[in-house]
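Take a look at the structure set out below.
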Amino acid sequence: MSKHSNDLAERVKDAIRDPGRPPLEKWHPPLSGEMDMRIARNGEWVYKGEPIKRESIVRLFASILRREDDGEFYLVTPVEKWRIQVEDTPLLAHSLRAKGEGEEQVLTVETNTGETLTLGSAHTLVVGTYGDSDEPRPVVTVRHGVEARLVTSAFYDLAGYVLERKEVSGEVLGVLSDGVFFEIARGG
């Protein structure tokens, strides 16, 4: 098989694994600079001080967003990489839904960019707190270091699926989804 055939086969496999998503993990251009873009805690994308009103543009930018090992967020193309500011998480998650029960339960959320995420091994849930308070900070991993924070209503809905597990270290409260148990809190 020729190199061209191998490259084409690899691109087809990538498209099947993650249809419609740019292969950000393969793009490593040098830093182009800072872009005057900020994602507010409320999920609003702001460019040069003005909110981006077109949802399709926000979705496009979200598709080329990644967080790198330095903790910074970048919009990445094959030839450019622009650092942007993110106040909390770049995406929000809402509309919690559950299918099945017990070990068969699967929980999903929808992001503010229209993507449905299944909580499980690919999209993990971590409930931490903000550094300056005890306010819960529930986040779901999306991809490329990007996270979506559960909005308050989705976090309250999640509470309806909490179950208790006994571990050597004590009682653990959490939720089960797609065969994965996600700890939310430790019992007192």
Side-chain angles (χ1 to χ4, degrees), residues 18 20-22 24-25 34-47 49-76 82-99 105-163 172-186:
D18 207 357
R21 302 235 179 271
L24 296 186
E25 68 282 353
E34 303 270 340
M35 183 179 286
D36 186 6
M37 183 176 289
R38 175 179 57 85
I39 304 173
R41 184 174 176 185
N42 68 359
E44 182 176 59
W45 290 57
V46 180
Y47 178 67
E50 295 293 322
I52 299 174
K53 297 190 186 302
R54 292 186 56 196
E55 187 176 322
S56 60
I57 299 298
V58 170
R59 287 180 184 207
L60 173 65
F61 284 144
S63 74
I64 59 169
L65 179 66
R66 79 173 171 219
R67 185 176 196 178
E68 295 190 354
D69 292 340
D70 62 3
E72 299 287 336
F73 289 90
Y74 299 90
L75 296 176
V76 183
W82 294 92
R83 184 180 302 125
I84 67 167
Q85 298 302 310
V86 176
E87 291 181 358
D88 188 1
T89 60
L91 303 177
L92 299 176
H94 58 85
S95 304
L96 180 81
R97 292 191 171 71
K99 289 185 182 177
Q105 179 172 273
V106 174
L107 302 172
T108 61
V109 291
E110 187 173 329
T111 69
N112 57 321
T113 57
E115 183 176 0
T116 300
L117 305 174
T118 298
L119 301 185
S121 58
H123 301 291
T124 59
L125 170 70
V126 175
V127 180
T129 58
Y130 286 94
D132 59 348
S133 72
D134 288 334
E135 179 185 354
R137 186 175 181 270
V139 296
V140 177
T141 58
V142 180
R143 76 184 63 71
H144 304 298
V146 173
E147 298 170 322
R149 180 177 45 84
L150 268 68
V151 297
T152 303
S153 60
F155 188 53
Y156 287 156
D157 290 343
L158 188 70
Y161 299 98
V162 169
L163 48 96
V172 177
L173 302 175
V175 294
L176 188 63
S177 180
D178 205 23
V180 180
F181 181 77
F182 297 104
E183 180 180 321
I184 292 179
R186 294 242 163 214

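One-based numbering along the sequence shown.
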Within the supplied structure, the quantity of interest is the number of heavy atoms (other residues, nucleotides, ligands) at a distance under 6.0 Å from Tyr156 OH; does it exceed 12?
no

Please step through side chain to side chain contact (heavy atoms under 4.5 Å, CB included) for the pair Tyr161 and Leu176, ending with a clear verdict.
CA-CA 8 Å; Tyr161 299 98; Leu176 188 63; over 6 Å; no

Tell me whether [X] contacts the main-chain N or O of [Y] through its side chain, where contact means a donor paired with an acceptor under 3.5 Å.
| X | Y | answer |
| --- | --- | --- |
| Glu87 | Arg41 | yes |
| His123 | Val142 | yes |
| Arg66 | Leu24 | yes |

Test applied, side-chain contact (heavy atoms from CB on, under 4.5 Å); reference residue, Arg149; option that passes from Asn112, Thr89, Val140, Thr111
Thr89

Distance, nearest 0.5 Å, that separates CZ of Phe182 from CG of Leu158
10.0 Å

Stepwise side chain to side chain contact (heavy atoms under 4.5 Å, CB included) check, Glu68 with Phe73
CA-CA 7 Å; Glu68 295 190 354; Phe73 289 90; over 6 Å; no

Looking at Glu115 and Arg143, does any basic side-chain N land under 4.0 Å from a carboxylate oxygen?
yes

Any salt bridge linking Arg67 with Glu72? Criterion: basic side-chain nitrogen under 4.0 Å from a carboxylate oxygen.
no

Could Arg137 and Tyr130 be counted as a cation-pi pair, given that NZ or CZ must be under 6.0 Å from the ring centre and within 45° of the axis?
yes

Distance only, no hydrogens: is a donor on one side chain within 3.5 Å (strictly under) of an acceptor on the other, for Thr108 and Thr118?
no

Show your working on side chain to side chain contact (heavy atoms under 4.5 Å, CB included) between Leu65 and Ile84 and close with a plain yes or no.
CA-CA 9 Å; Leu65 179 66; Ile84 67 167; 3.8 Å; yes

